[in-house]
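Beneath this line is the structure, given in structure tokens, with notes to follow.
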Amino acid sequence: TARATWNAPAYTQQDGMRISSVSLVATTGSGSGSFSVGTPSCTELLASYGNGCTVTVTYNAGTLAGATAGTKSSTLNISFTDPYSGVSVNSRAIPLTGTTVQATVSRSPTTLSQSSPVGVATTSGNVTITNSSGSVSLRLEDMTSASVFSNTHAADYSVTTGTTNSCTLAGHTLAPGQTCNVRIVSTPGGAGNRVGTFTIPSNASNNVTVSLTGFGETRTVSASPSSLDFGSVLQGAASTSSGVNFTLTNSGNSTINAPTLAVSDTAVGDTASDFTRNGGTCGTVGFTTLAAGATCTAYITFRPATSPV
């Protein structure tokens, strides 16, 4: 609150000078946008010699998201006019100073790696946000907005509100030392590495980000050869002693479970038992996964038990 007083001139009437108006000139200076003024209490009032009026000045910096820490200064200009003569009888220039103290924010982890098949959302990706200041509350802004994500594959990422102790919505406030959680979901829009950056929107003095690395998985298995004609084989005899070698390749970009093989027969009069697996590495003990680009083998033998119909 700023209190401005003026000394009545010599020609003031016995009942005091009537103040017709108080002109509030817009605040100026490095912090002009941080101050606001209310309506003067003495507008159109009768003032006696020695009396004053009150003007309320509010310092807004520090309560607005995005405010910067430090000291702001400005000047409040007040002028007084004699209603009888129209002459300006007095004025005051009142220096204004305000100091903004901001919270600091920290996060854990600082990097987040996730992977899932292309087009499939991940189910985990929590980030813990902490008000790491000692005495100032931290205000968080809307984290569900797409604007919190940037970098090459920003569109892959989103924030979900279904976490415990969530703080995704605008206006959430953390007391000093208090924490809350944000879950970041990655839905790869393509295969391979997918990079993004998550920026925590707040009124903190420091700009804090989380580096995001996603990976779009493709899972494809190819067989070579894709088909095989065993030719004519005598009933009860095997096509070869050890079978024909099939090679299965993980042609995707991520590790998969090693394929298990089953033989089926849809020809009329034949049975699946005519074809048997006779060795190879696919699906055997100790061979449970198949890395990207890796192969495994299977040997298939044809031993017709009956004559074709």
Side-chain angles (χ1 to χ4, degrees), residues 61-71 99-219 252-256 289 291-292:
T63 63
L64 304 176
T68 56
T71 299
T99 300
T100 299
V101 180
Q102 288 181 272
T104 54
V105 61
S106 60
R107 76 290 191 215
S108 179
T110 57
T111 60
L112 187 63
S113 298
Q114 301 170 284
S115 65
S116 64
V118 173
V120 177
T122 56
T123 57
S124 62
N126 284 338
V127 175
T128 299
I129 298 173
T130 303
N131 179 356
S132 50
S133 60
S135 60
V136 184
S137 294
L138 173 69
R139 175 189 166 91
L140 300 173
E141 300 306 321
D142 184 11
M143 298 189 198
T144 62
S145 170
S147 63
V148 299
F149 295 102
S150 59
N151 217 320
T152 307
H153 305 110
D156 285 7
Y157 297 94
S158 61
V159 167
T160 179
T161 59
T163 58
T164 302
N165 192 27
S166 174
C167 54
T168 57
L169 300 180
H172 192 98
T173 301
L174 294 180
Q178 191 176 8
T179 65
C180 64
N181 299 319
V182 173
R183 176 173 291 177
I184 297 176
V185 174
S186 169
T187 306
N193 292 324
R194 314 286 294 180
V195 295
T197 301
F198 171 60
T199 301
I200 299 174
S202 72
N203 66 344
S205 59
N206 56 329
N207 183 44
V208 171
T209 62
V210 178
S211 297
L212 306 174
T213 302
F215 188 80
E217 302 173 357
T218 56
R219 300 173 179 178
N253 64 6
S254 58
T255 299
I256 62 173
T289 60

Pairs involving [range], ordered by first then second residue, that meet salt bridge (Lys or Arg N to Asp or Glu O under 4.0 Å) (sequence neighbours left out):
range            : result
residues 151-164 : Asp156-Arg194
residues 120-134 : none
residues 105-132 : none
residues 170-188 : none

Rounded to the nearest 0.5 Å, how far apart are [atom1] of [X] and [atom2] of [Y]?
X      : Y      : atom1 : atom2 : value
Gln114 : Thr123 : CD    : OG1   : 9.0 Å
Leu174 : Arg139 : CG    : CZ    : 12.0 Å
Met143 : Cys167 : CE    : SG    : 4.5 Å
Asn207 : Ser202 : CG    : OG    : 8.0 Å
Ile129 : Ile200 : CD1   : CD1   : 4.0 Å
Glu217 : Thr255 : CD    : OG1   : 9.0 Å

Can you list everything that forms a side-chain hydrogen bond (donor to acceptor under 3.5 Å, both in side chains) with [X]? Sequence neighbours excluded, please.
X      : value
Thr130 : none
Thr128 : Asn181
Asp142 : Thr144
Ser147 : Ser145

(request) Could you walk me through whether Asn253 and Thr218 pass the side-chain hydrogen bond (donor to acceptor under 3.5 Å, both in side chains) test, one step at a time? (result) CA-CA 6 Å; Asn253 64 6; Thr218 56; 3.2 Å; yes

What heavy-atom pair brings [X] and [Y] nearest, and what distance separates the two atoms?
X      : Y      : result
Ser137 : Ala175 : OG-CA, 4.4 Å
Ser205 : Thr104 : OG-CG2, 3.5 Å
Ala121 : Val185 : CB-CG1, 3.7 Å
Ser133 : Pro176 : O-CB, 3.3 Å
Ala292 : Ser254 : CB-N, 3.7 Å

(message) Between Cys180 and Leu140, is there a side-chain heavy-atom distance shorter than 4.5 Å?
(response)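 In short, these two side chains touch, coming nearer than 4.5 Å.
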
(message) Quick check: do Val127 and Ile184 have side-chain heavy atoms less than 4.5 Å from each other?
(response) yes

Write out all pairs satisfying ring pair (Phe, Tyr, Trp, His ring centres under 6.0 Å) with one or both partners inside [range], taking only residues at least two apart or from two chains.
range            : answer
residues 154-200 : Phe149-Phe198
residues 107-129 : none
residues 111-146 : none
residues 107-137 : none

Pick one: which of [options] meets side chain to side chain contact (heavy atoms under 4.5 Å, CB included) with [X]?
X      : options                : value
Ser186 : Val120, Thr122, Leu112 : Thr122
Thr197 : Thr209, Val148, Thr152 : Thr209
Asn203 : Thr173, Val105, Leu138 : Leu138

Does [Y] offer a backbone N or O that forms a donor-acceptor pair with the side chain of [X] under 3.5 Å?
X      : Y      : result
Asn131 : Val136 : yes
Thr111 : Ser211 : no
His153 : Gly196 : no

